[in-house]
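Report on the following structure.
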Amino acid sequence: MKGIFIMDIKNTNFDLKQTADSGQCFRMNQTGDNQYGLIAYGKYLNLIRMDEDTVRLGCGEEEYHQIWEGYFDLVYDYGSIIQSLLSGEDRFLSQAAAYGQGIRILRQEPFETMISFIISQNKNIPSIKNCIERLCERFGDYIDCKERPGGGYYTFPKAEILAGAEAGELRKLKLGYRDEYIIKASQAVADGSIDLDELSRCSYEKAFMKLKGIRGIGDKVANCIALYGLHHIEAFPVDVWINKAIKEFYNGSFDSGKYQGYAGIVQQYMFYYIRHLYAKGKGD
DNA sequence: ACCCAGGCCTGGA
DNA sequence: TCCAGGCATGGG
């Protein structure tokens with residue numbers, strides 16, 4: 001009844017490298033040539049780039065439809081958005097869209113997204129990844145795994161677990177001053193005073209305000225959680241890189257309202273492209 | 001040693 | 001409303 005545990009996905013706008021390097025997720029890593037491994041929703045998924053527009057997922061059909069099709073937003077048509085950007089008059093955006101046309105906006109677990117982006121503040125991406133792995137090793141569940149190079153892995157911790165963690169324990173994981181932010185946010189989720197599933201169903205504006213009520217979550221982090229965890233694709237996170245792009249290519253002001261309803265996708269192309277423009281010493 | 005990182009909070013103009 | 005400084009720590 002399970003069938004073969006391989007799913008080939010045909011999609012012209014699904015690039016593993018671009019998605020893994022897009023800064024949305026911190027547990028999708030390259031494991032070989034054209035090969036990536038992802039830990040999410042308590043599972044490990046192997047992904048292989050087969051050719052231009054084919055990705056092979058190491059999962060069965062049931063798991064695919066239950067988790068990964070939504071996770072990678074594969075039913076959504078990114079092609080038409082890219083086409084409109086390519087034919088638009090904004091030169092920077094058309095180049096950005098052309099460069100990052102394989103990026104997808106992920107539907108990550110809301111709680112993991114919330115904690116991950118609380119950690120992200122004032123850190124670079126490699127450092128964020130290291131912190132998250134340490135957090136998972138210390139507070140997540142160990143899962144035995146044969147498909148994964150390196151064997152078993154740790155799931156992202158549950159809110160109830162982190163809610164009961166001690167600040168000192170988190171400090172040992174090099175989370176710095178974010179320790180109390182993480183504990184308080186986890187407690188809010190665990191005791192029900194914030195309902196992340198409800199926030200994914202309500203409006204972006206309401207979700208944004210509710211998230212900002214949590215200590216350690218400001219405009220930028222709230223928008224990241226809204227976009228990558230709650231799939232409010234109108235959210236437009238502004239970080240140091242987006243600011244760089246706005247300063248350099250838009251004379252200091254950019255109106256994301258021109259892309260009503262999908263500004264977050266536009267933001268993602270901008271982020272990925274501006275980082276590429278500034279990248280030094282790394283061929284690609 | 002130095003500077004910056006997918007920022008946020010507080011306090012003072 | 002806007003800005004400066006502090007924050008805990010690792011990566012480059």
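Grouping Ile, Leu, Val, Met, Phe, Trp and Tyr residues whose side-chain heavy atoms lie under 4.5 Å apart, directly or via other members, places Phe72(A) in a hydrophobic cluster with Met7(A), Ile9(A), Phe14(A), Leu16(A), Met28(A), Tyr36(A), Leu38(A), Tyr41(A), Leu45(A), Leu47(A), Val55(A), Leu57(A), Tyr64(A), Ile67(A), Trp68(A), Tyr71(A), Leu74(A), Leu106(A).
Applying the side chain to side chain donor-acceptor pair (under 3.5 Å) test to residues at least two apart or on different chains, the pairs with a partner in residues 236-255 of chain A are Asp90(A)-Tyr250(A), Glu248(A)-Tyr278(A).
Atom CZ of Arg178(A) and atom C1' of dG6(C) are 13 Å apart (whole Å). Whole-Å rounding puts the Arg171(A) CZ to dG10(C) P distance at 12 Å. In this entry the distance linking CD1 of Ile132(A) with C1' of dG11(C) reads 16 Å, nearest Å. For the pair Glu180(A) CD and dC7(C) C1', the computed distance is 14 Å after rounding to whole Å. Straight-line distance from the OH atom of Tyr278(A) to the P atom of dA5(B): 11 Å, rounded to whole Å.
You'll find the ring centres of Phe249(A) and Phe254(A) outside the 6.0 Å limit. Annotation: Tyr228(A) is in aromatic contact with Phe117(A) [ring centroid separation under 6.0 Å]. When ring centroids are compared, Tyr99(A) and Tyr269(A) stay outside the 6.0 Å threshold.
At a threshold of 4.0 Å, the pair Asp179(A)-Arg171(A) counts as salt-bridged, since one of the basic side-chain nitrogens sits closer than that to a carboxylate oxygen. With respect to the salt-bridge test (charged N to carboxylate O, under 4.0 angstrom), the residues Glu112(A) and Arg27(A) do not qualify. The pair Arg138(A)-Glu169(A) counts as a salt bridge, with a side-chain nitrogen and a carboxylate oxygen less than 4.0 angstrom apart. A salt bridge between Lys206(A) and Glu198(A) is present, with a side-chain N of the basic residue lying under 4.0 Å from a carboxylate O of the acidic one.
For the P atom pair drawn from dG7(B) and dG12(C), the interatomic distance equals 16 Å after rounding to whole Å. Straight-line distance between the P atoms of dA8(C) and dG11(B): roughly 16 Å, to the nearest whole Å. Between dG6(B) and dA4(C), the two P atoms lie 22 Å apart (nearest whole Å). When the C1' atom is compared between dC7(C) and dC3(B), the two are found 16 Å apart, to the nearest whole Å.
Side-chain N/O atoms of Lys244(A) include one lying less than 4.0 angstrom from OP1 or OP2 on dA5(B).
For Asp15(A), the side chain to side chain contact (heavy atoms under 4.5 Å, CB included) test picks out Lys17(A), Gln18(A), with sequence neighbours left out.
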Atom pairs under 3.5 Å: protein N/O with N/O of nucleotides 1-5 of chain C:
none

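Paired runs in DNA chain B that reach 3 or more consecutive Watson-Crick or G-U pairs, where each pair keeps both distances under 3.5 Å, cover B:2-5 with C:9-12, B:7-13 with C:1-7.
Taking OG of Ser84(A) as the start and OH of Tyr259(A) as the end, the distance is 8.0 Å to the nearest 0.5 Å.
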## Note on the structure
Under a 4.0 Å heavy-atom criterion, the protein footprint on nucleotides 6-12 of chain B, written with B, S and -, is BBSSS--

